[in-house]
Amino acid sequence: MENSKNILEVRNLKINFNTYAGKVQAIRDVSFDLQKGETLAIVGESGSGKSVTTRSIMGLNAPNADIAGGTIMFKDQDLLKKTRKQMDEIRGRDIAEIFQDPMTSLDPTMKIGKQIAEPLVIHKGMKREKAMAQALEMMKLVGIENAEKRINDYPHQFSGGMRQRIVIAIALVNYPEILIADEPTTALDVTIQAQILDLMKELQTKTNTSIIFITHDLGVVAGMADRVAVMYAGKIVEYGTVDEIFYNPKHPYTWGLLNSMPTMDTSGTELPSIPGTPPDLLNPPKGDAFAARNKYALKIDTEQEPPFFKVSDTHYAATWLLDPHAPKVTPPDQIIERQKHFAKLTHETIHSNRGKHIEEEEQL
Amino acid sequence: MAKYLAKRIFYIILTLFIVTTVTFFLMKFMPGTPLTNQAKLSPSQIHQIYKQYGLDKPLWQQYLSYLAGVVHGNFGTSFQFSDQPVSYLIGSRLGPSLTIGGEAMVVGVIIGIIVGSIGAVKQDTWVDTATTIISILGVSIPSFVLAVLLQYYLGLKLRLFPIADWGGFMYTVLPTLALAASPFAETARFMRTEMVDVLSSDYIELAKAKGLNKVGIIYHHALRNSLIPIVTIVGPLAVNIMTGSMVVENIFSIPGIGEQFVKSILTNDYPTIMGLAIVYCAMLCVVLLITDILYGLIDPRIRINK
Amino acid sequence: MADNSKSFSTGDFLPLSDADRSHLDSEKITAPSQTFLQDSWRRLRHNKAAMICLVILIILFILSFGSHFFQTHNPNATNPDLANLPPKIPGLDINGFNGTLMQSGERINAYAQAHAHAGTYYILGTDYLGRDLFSRILFGTRISLTIALVASFFDLAFGVVYGIISGWLGGWVDTLMQRIIEIILSIPNLVVMVLLIVVLKPGMSAIIIAIAITSWINMARLVRAQTLELKNQEFILAARTLGESSFKIAFKHLLPNLSSVIIINLMFTIPTAIFFEAFLSYIGIGVSAPQASLGTLISDGQKNFQFLPYQMWYPAIVLSIIMIAFNILGDGLRDAFDPKSNRK
């Protein structure tokens, strides 16, 4: 995975939160890469550590967060070692973020044109007129109609979807290399969700920005991501290309997530869910954190954490089920269906050229 | 906007009408008459005085004529100073009260905003603790205690300011300080809470994500958003200042309406008490109206166009 | 990566049995569950300043109400021979507490000068009529704290009920009730109080009525706002759908959820009421002579402040401490009940 086109490399990140109840181990040894121009989705339940991971990339963790170890390399520099002032310079210029709730993430008392122009003024020292002109261009780019008129409107005069477009405009106005989207569509209506996702994809192709897409909704991931990392209890449990995760998942937690996602065929039958709740990260359990909720748990899961087992060059999963000693288990029916589909898919695409970054690899 | 204004003014008139009516009848049902305390008077003299004050007429007539008088700014004649109309008494004393009241409001609110913001920005540090202690003291120490202490230590001991009386800016300093303590402390507490709220809001997070530094975040986003709600507490602060002015004017011998109010209460000068009660209500109503309109103007989310 | 698995026996790779699974139960709750009030209390206990204030208030309550039964001096008994004696605490020889005072540049023993008996001492001195200041301060504190209790009672009896009715019924009732509140709000509290006291004659009962009429407004507004918010929440809707009576819903579901708003606001009504009593007594239309209130004590003491500063300092300090304690406790309760409001 060590690769020169990795724009961001997170290695062995460990983050604890000091609370009155004790030390919460929110991130327990997380490593991943982000490649130029790709979209990496990080999927998991709430509390699995997705947002904490991205906040540390932005250098915006809560004051009681303690970075216990690891590195976040961006352009050969460790972001965790940067001073606050250095991070101010990187944020909004090289790395930008879109937040979950567009209704609250815009300053209610500032005209939106000025809000969009602000990163230009901060990072490029642009004069007001020039910055506003560029903000106007950006508003048009994100599809705000009547932009000339609306540039002097206040946030409350826009709908949720429009506000999220404004937030995207703010994030992209400096053409950052990395865009972190933290559940950008969760607070929106389903129809608006699709529009925002399309817009993000469209803008990504125009600007060649890498996106880290945080979500708990696998349905959104399918159309959006190139690669997927599944997080559980502060760890990544499985990662691979979007097809590998969707059609050839190996970790029982991923099975559970996929199973609980409605598909065209699930009508009428009860939607399965993962029983139980995530473990308490004040005292993470010994062994595999998922064991207690795992129908396929092995004895060793309660004793030792599973390492990553390689499935393919791009696909790894941390489950003892992949150990040669492990018994053969039968995944849920739906997963078997998916795996059959995957077999077909890989066969079909052996000669066709899919996956843009493969192309890029050949070019480099 | 016009419709909103009309509605508000209607309610102000309604309020003043109710206050006038209630005070009138309360005073009428008072045991004793204004003459009870006077030296022995002959029945004819009493009749004469009753006639002079219009007290011989039926109650409803007295009420209507009082109401008509109030509309024209006439509150009758003071019992205490029998030759002075109450409106003149109040009019001549309004100046000093408005001067120290206004000064106290401006000084208190401005310093309160500064101290409150500092506390919020330095949240959970010793600076925050210090500003919290100062504002708790300001809220808790009664104005009459503070006034006496200021008068004694800054006026009498250190001779920095005149200890009493009225005549020029230096005379306003100590009363203003005594009166400003409460609005200062209330504003500081309110400002701190607002600013802490704003600083933890999503749009401040977005401003950080833009790469704005701490000073920029406070100056461009946090300050404006936490300042706007301050307007809503100006009304209650005005009430505090009115209350405080009664004792503070007394302590510093300032010829204002607060001092007059206390004097009238102690001498049972009913026409003056009634007149001042109405004037106080009218002042509060005006302050509330102005702050509401101001709030609508400075907060883009609220546009009064109902 | 997969190599390290070789150190395990194949037995380790057997599926978990139900017995093994039972002690893994992920839904097992490790910490004892706490009710909202218990949780708030725990947070309050961690707030040192608030706890100190709570203790101070409890001590003041016990001292002031207890002093009724074991007072050393009658707070209203005058003794002109022993007037204006400075504080004297037996066995304490510090200027200010040893019965001496400065007179024309000399420190003299005021007690000896007044020909007081050898065993006579007043720990906070006496006033201009020779009344024991300590007993009078305790008596004044008792009045202040009585006012606190009275104001709380009316806040709960009027304010909460008014707010719940207004918010719960809604419609024209709510509109009318809110108009009434708006009108009362645009009349300064003090004007209402003064008018009432002028009519009713100064005294404790007039003050209590005045406080009853003015103190509940804020409570009513806050409770109404909260009721409006709660009214449309699912658990209330559920109770309604189940056909519970409005009265029962108000008591079983609404009141517990309003408790934090009520308690917090109560803590801010109390100092205001205490202040107003002291204020009215100070300007001379509150508690009437010879009874002592902290307001009248400060007013009396102020006259002699230049020469006998202790006569104002002590009542002023006690009044300020009561106000500070209620304010800090109020802040502490707000933070405890509303954990997301600033402090951790």
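In the text below, chain A, chain B and the rest are named by the order of the sequence lines, each starting its count at 1.
Looking at Phe279(C), both its backbone and its side chain come within 4.5 Å of chain B, counting heavy atoms on both sides. For Ile251(B), the part lying near chain C is the side chain, with the backbone staying farther off; criterion is any non-hydrogen pair under 4.5 Å. For Tyr153(B), the part lying near chain C is the side chain, with the backbone staying farther off; criterion is any non-hydrogen pair under 4.5 Å. Using a 4.5 Å cut-off between heavy atoms, Val139(B) touches chain C through backbone and side chain atoms alike. Looking at Leu14(B), the atoms closer than 4.5 Å to chain C (heavy atoms on both sides) all sit in the side chain, from C-beta outward. Residue Tyr280(B) touches chain C through both its backbone and its side chain, counting heavy-atom pairs closer than 4.5 Å. Neither the backbone nor the side chain of Ala49(C) comes within contact range of chain B; no heavy atom of the residue lies under 4.5 Å from a heavy atom of that chain. With a 4.5 Å cut-off on non-hydrogen atoms, Pro271(C) does not touch chain B at all. Only the backbone of Leu185(C) comes within less than 4.5 Å of a heavy atom in chain B; its side chain stays farther off. Both the backbone and the side chain of Ile187(C) have a heavy atom closer than 4.5 Å to some heavy atom of chain B.
Of the listed residues (Ile321(C), Ile197(C), Leu190(C), Val192(C)), the one with the most heavy-atom contacts under 4.5 Å to chain B is Leu190(C). Of the listed residues Ile285(C), Ile322(C), Ile183(C), the one with more heavy-atom pairs under 4.5 angstrom with chain B than any other is Ile183(C). Per-residue heavy-atom pair counts under 4.5 Å with chain C were compared for Val145(B), Ile136(B), Val239(B), Ile141(B), and the maximum is reached by Ile136(B).
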Next item on the list: Please lay out, stage by stage, how Tyr282(C) and Asn250(B) fare under the test side chain to side chain contact (heavy atoms under 4.5 Å, CB included).
Entry: CA-CA 11 Å; Tyr282(C) 176 84; Asn250(B) 225 336; over 6 Å; no

Margin query: Under the criterion side chain to side chain contact (heavy atoms under 4.5 Å, CB included), I'd like the reasoning laid out for Arg189(B) against Asn327(C): C-alpha separation, chi angles, the key distance, then a yes or no.
Written below: CA-CA 11 Å; Arg189(B) 276 156 67 99; Asn327(C) 273 317; 4.2 Å; yes

Checklist line | Worked check of side chain to side chain contact (heavy atoms under 4.5 Å, CB included) between Phe144(B) and Gln302(C) | finding: CA-CA 10 Å; Phe144(B) 45 93; Gln302(C) 182 203 330; over 6 Å; no

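Looking only at side-chain heavy atoms (C-beta outward), Leu319(C) and Pro142(B) come within less than 4.5 Å of each other. For the pair Val199(C)/Phe25(B), no side-chain contact is recorded, criterion being any heavy-atom separation below 4.5 Å from C-beta on.
Taken from CZ in Arg179(C) to OG1 in Thr15(B), the straight-line distance is 10.5 Å, to the nearest 0.5 Å. Between atom OG1 of residue Thr243(B) and atom CZ of residue Phe275(C) there is a gap of 6.5 Å, rounded to the nearest 0.5 Å. Between the CD1 atom in Ile180(C) and the CD1 atom in Ile18(B) there is a gap of 9.0 Å [rounded to 0.5 Å]. For the atom pair OG of Ser186(C) and CE of Met283(B), the computed distance is 13.5 Å after rounding to the nearest 0.5 Å.
For the pair Leu266(B) and Gly284(C), the tightest heavy-atom approach, listed with the atom from each and the gap, is CD2-O, 4.1 Å. The minimum heavy-atom distance linking Ser320(C) with Ser140(B) is given by the pair O-CB, 4.2 Å. Of all the heavy atoms in Leu195(C) and Ala277(B), the pair that sits closest is CD1-CB, 4.3 Å.
For Arg221(C), the CZ atom sits in a loose shell: 12 or fewer heavy atoms of surrounding residues, nucleotides or ligands are nearer than 6.0 Å.
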